[in-house]
Amino acid sequence: MKSVHQSTLSLWQKICQKVNRAVVFADNAVAENLHWNGGLGLLLDAGAVNVKEFSSFESVDPTQKKALFIVSSILQEATSRVIQNIIEASKLQYAVVITTMSPSVHMFSRTGSFDGDENVIFERFEESMLEWMGNMNYTAEVCHMPLFATCLSPGLFVTPSFSRLFPLMSSDLPRLSLQYKSARGDNKNFSSLKDVEAANLPKSLQIMYKMLVGSIDSMLGELNVQEDCFFVGQTSKILATELASYPPAKLRRKSAQSKVSLLLVDRHMDLMTPCQHQSEVLMDKLTSTLPRLSGHHNDIKVDMTPLCRVNSESKEIIAPGSLAGSKGQTTQSHLLPLLKSKVKEGLMEVNRSIVEAASTEKLPVKLSGKPGRVTAEQLDNTLKLFKGNYKAISNHLETVQVAMATCQCLKSSQNKEYELLGSSEKLMLQSVGSEEGQGPLSVLLRNMEASQDKPLEEMCQTLDSVLTQIVYVYSLLGVDVRYSEEEDTIKKILVQKIVQGKNYLPKITKMLVGDPVTEEIVSAIIDDMFDKLNAMSSARQNLKHLSSVVDPSTTLSPAKGKPFLKQLMDLAFDNSKGDIQDIGYISSGFTDLLKSGFGLFRTVAKPKPSDNNVLVVFVVGGVTATETKLIRDTVASHNNDTQVIVGSTQLCQPEDIVEALLCQDNLNPD
């Protein structure tokens, strides 16, 4: 079976066949995919004249006659207008549009059905492009390239086009009922997420789900496989149901050469693990302490100016480094120490790699420090040997950038806060099961009260961390424990802090409360926030084996966290279990109906995720590098040779989870 990475690279090779002598326009999601698959140089080497942002404010120089547009959206509304604006502001004679979304999804978006001639949609858009160019004898071409997965390492991929997608929760139901009534004139009330089907959702969300399903189908088609589809969570169930009935998927399954298990999981089944500051791998520490690369959801900004012979004041105009491989290194193998080893071993491997690179370049390496312990000073001393030696830096660019990122993480003031938050979370976890006044909410409340003595601006800067810890605690507790008195006190303190410090609010808090900031408005927003938190903490209440993410304390040991995805893998690969109720299965054909117990002529057990040699785990709403390692290690611990591929909408950090849960309108995506 072709790998996901090989599939993505082959698609970029096909795109490169169309870029010669063209000015290329790419949207942010496509640019992020390109970033991890060869970068700008890939297109320039293939003959592209220039590469620009996909924006109505851009155009093509009058001397250039060819443009190529690569977009991760449907060719309607805003996307169509931007293409029109660029073409009309230029003097093109040849325009090519590549969309990553399939013709079938375009058909559904336009007509509300998959029936009809899909080719007509693209043909009509080609005619519109010719009109915008001003001559029907010019050349216009529209095609579909299923760019979907961006591989960060072998067996781990993310999907930049869907970075903002987050599962539905029960707190969305009142608004869903109102919108359904407004759109359909139907007084239907959704009392439970189980009542919700794709057809009940707002049109924009329906299309978003169809786009994701179409993209998953395209990826499986590139791999030439058919799937046994499993799910945990209602959003994942809707997606699995949509994939089962998606017309191109039905055709694909008939001709596929092999089988895989596809397991879709809703992120909010466990927000404790992605919100915690107790990383098992180095990648999570880097992404949580260093700033994101501008416009990206999965890479970080690495300051490379210490190795440059330039005035430090020029830092802002120098392109930052990152973790993605250069054009010649697209397998991302240099990231394995960050993703597959525990933090201590990862640090040692990063240090070994940079020392080896310096030795290869015959630089005067001096080994220092204690064996088995790596410090920022050690890494810094070795990195300084590369300063101004651009040939040496170029020869080992991936290694140098990873070492620089690690060094900056260890030096960062954020690193200290990261460790303090981790210690605080440990206390909250260990207090689970304690009597009222001693539990996790009490620990959180004491932390909040302690910060009230700080200066106003300094106190406000802790608010984003407070929100993260609140999400952590509510996912930790589930529906087992609620202390209304403590919850009310936490609400009052939050409102007071936000109103007093309205001029100093940090990013997430500002996004949550917006403008204007008054006590009445903030109180309403905080009440709504706790409705979401309570909805999130009830997500596991109907599960039999996976209802808790806490291993309770005993007389010999304190309570410990049990990451949901690790438990899920244990359950999926436990041969002693019969029918696993917590993992749903969607049949996609008559044979599967027989397998799933509907057969009148024979009784066959429902399929399990462990039945096939390849398992694709796709988390809707983000996954951490630590969880990716846990998934792989858990499957391996069952002495199983199953190949595991982990995918998600993004590689997330605590801030991403808080923003998606509390600040986004997940019922009405942009």
Side-chain angles (χ1 to χ4, degrees), residues 4-5 8 27-37 72-73 100 147-153 155-168 205 208-209 211-213 215-216 219 233 235-236 239 263-271 273-276 279 281 283-301 322-324 332 335 338-339 468 471 507-508 511 563-565 616-631 645-666 669-670:
V4 176
H5 181 62
T8 304
D27 66 23
N28 284 351
V30 170
E32 190 166 359
N33 191 302
L34 175 64
H35 172 73
W36 291 94
N37 288 284
S72 60
S73 51
T100 66
L147 276 177
F148 169 61
T150 296
C151 288
L152 306 187
S153 77
L156 171 61
F157 71 89
V158 291
T159 60
S161 306
F162 302 97
S163 294
R164 289 173 57 83
L165 190 63
F166 199 75
L168 295 174
L205 190 58
M208 178 71 79
Y209 283 7
M211 288 166 64
L212 178 56
V213 163
S215 297
I216 291 173
M219 181 186 76
T235 297
S236 290
L239 292 169
L263 175 56
L264 303 170
V265 186
D266 284 5
R267 173 69 275 174
H268 68 290
M269 290 292 162
D270 174 13
L271 297 188
T273 306
C275 279
Q276 70 183 7
S279 307
V281 295
M283 176 67 92
D284 285 335
K285 288 198 77 169
L286 296 186
T287 56
S288 295
T289 54
L290 298 181
R292 276 261 169 81
L293 194 61
S294 180
H296 289 244
H297 293 89
N298 302 287
D299 205 351
I300 57 174
K301 188 187 295 185
S322 70
L323 296 180
Q332 317 305 340
L335 298 183
L338 308 182
L339 293 164
T468 304
V471 174
K507 177 188 167 188
I508 301 292
M511 197 182 300
F564 185 86
L565 291 171
V616 180
V617 181
F618 189 85
V619 185
V620 182
V623 72
T624 66
T626 291
E627 289 175 308
T628 300
K629 182 177 186 298
L630 286 174
I631 289 170
I645 301 170
V646 180
S648 186
T649 46
Q650 69 170 330
L651 189 67
C652 65
Q653 53 179 283
E655 269 193 5
D656 299 322
I657 295 298
V658 178
E659 181 180 334
L661 178 70
L662 303 181
C663 305
Q664 285 182 187
D665 181 357
N666 294 309
D670 293 338

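By convention here, the first residue in the shown sequence is residue 1.
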Exercise. If we only count heavy atoms from C-beta on, is the L565 to L630 side-chain gap below 4.5 Å?
Worked result: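 Not in contact.
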Exercise. With side chains defined as the heavy atoms from C-beta onward, is the minimum distance between L205 and L168 less than 4.5 Å?
Worked result: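 Answer yes - side chains close enough.
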Exercise. Among all residues two or more places apart in sequence or in another chain, which pass the side chain to side chain contact (heavy atoms under 4.5 Å, CB included) test with L34?
Worked result: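 W12, L42, L43.
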For this session: Could I get the full list of side chain to side chain contact (heavy atoms under 4.5 Å, CB included) partners for A660, not counting sequence neighbours?
Result: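 Counting only residues at least two positions away or on another chain, A660 forms a side chain to side chain contact (heavy atoms under 4.5 Å, CB included) with F166, Q664.
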For this session: Could I get the full list of salt bridge (Lys or Arg N to Asp or Glu O under 4.0 Å) partners for E627, not counting sequence neighbours?
Result: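 E627 satisfies salt bridge (Lys or Arg N to Asp or Glu O under 4.0 Å) with R267 once adjacent residues are dropped.
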For this session: With sequence neighbours excluded, tell me which residues meet salt bridge (Lys or Arg N to Asp or Glu O under 4.0 Å) with K301.
Result: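 By the salt bridge (Lys or Arg N to Asp or Glu O under 4.0 Å) rule, K301 matches no residue at all.
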For this session: For side-chain contact (heavy atoms from CB on, under 4.5 Å), just list the numbers for F148 and T100, CA-CA rounded to whole Å, side-chain angles, deciding distance to a tenth of an Å, and then say yes or no.
Result: CA-CA 7 Å; F148 169 61; T100 66; over 6 Å; no
So, the side chain of [X] versus the backbone of [Y]: is there a donor-acceptor pair under 3.5 Å, distance only?
| X | Y | answer |
| --- | --- | --- |
| D266 | T235 | yes |
| T649 | T159 | no |
| S648 | V619 | yes |
| N298 | Q650 | no |
| D284 | T626 | yes |

Which distance, rounded to the nearest 0.5 Å, do you find between the [atom1] of [X] and the [atom2] of [Y]?
| X | Y | atom1 | atom2 | result |
| --- | --- | --- | --- | --- |
| C275 | Q653 | SG | CD | 10.5 Å |
| H35 | D299 | NE2 | CG | 3.5 Å |
| F618 | L212 | CZ | CG | 5.0 Å |
| L147 | S161 | CG | OG | 8.0 Å |
| N666 | L661 | CG | CG | 8.0 Å |
| F162 | I216 | CZ | CD1 | 8.0 Å |

Problem set entry | M283: which of L323, I300, T628 passes side chain to side chain contact (heavy atoms under 4.5 Å, CB included) |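 That would be L323; it is the only one of L323, I300, T628 passing the side chain to side chain contact (heavy atoms under 4.5 Å, CB included) with M283.
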Which atoms form the tightest heavy-atom contact between [X] and [Y], and what is the distance?
| X | Y | result |
| --- | --- | --- |
| N33 | A149 | ND2-O, 3.4 Å |
| P654 | T468 | CB-CG2, 3.7 Å |
| I657 | P274 | CG1-CB, 3.8 Å |
| E32 | G295 | OE1-O, 4.2 Å |
| C652 | G622 | SG-C, 3.8 Å |

Exercise. Between T8 and N37, does any side-chain donor sit less than 3.5 Å from a side-chain acceptor?
Worked result: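 No - no donor-acceptor pair under 3.5 Å links their side chains.
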For this session: Check the pair M208, L165 against side-chain contact (heavy atoms from CB on, under 4.5 Å), reporting the backbone distance first and the verdict last.
Result: CA-CA 8 Å; M208 178 71 79; L165 190 63; 3.6 Å; yes
Exercise. Can you list the steps and then say if T273 with F564 is a side-chain contact (heavy atoms from CB on, under 4.5 Å)?
Worked result: CA-CA 8 Å; T273 306; F564 185 86; 5.8 Å; no
Problem set entry | Partner set under side-chain hydrogen bond (donor to acceptor under 3.5 Å, both in side chains) for N28, not counting sequence neighbours |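 Listed in chain order: nothing, the list is empty.
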Exercise. Pairs in or reaching into residues 649-660: which pass salt bridge (charged side-chain N to carboxylate O under 4.0 Å, His left out), with residues at least two apart or in two chains?
Worked result: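 Residue pairs passing salt bridge (charged side-chain N to carboxylate O under 4.0 Å, His left out), neighbours aside: R292-D656.
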For this session: Decide side-chain contact (heavy atoms from CB on, under 4.5 Å) for L339 and V281; before the verdict, give the C-alpha distance in whole Å, the side-chain angles of both, and the deciding distance to 0.1 Å.
Result: CA-CA 6 Å; L339 293 164; V281 295; 5.7 Å; no
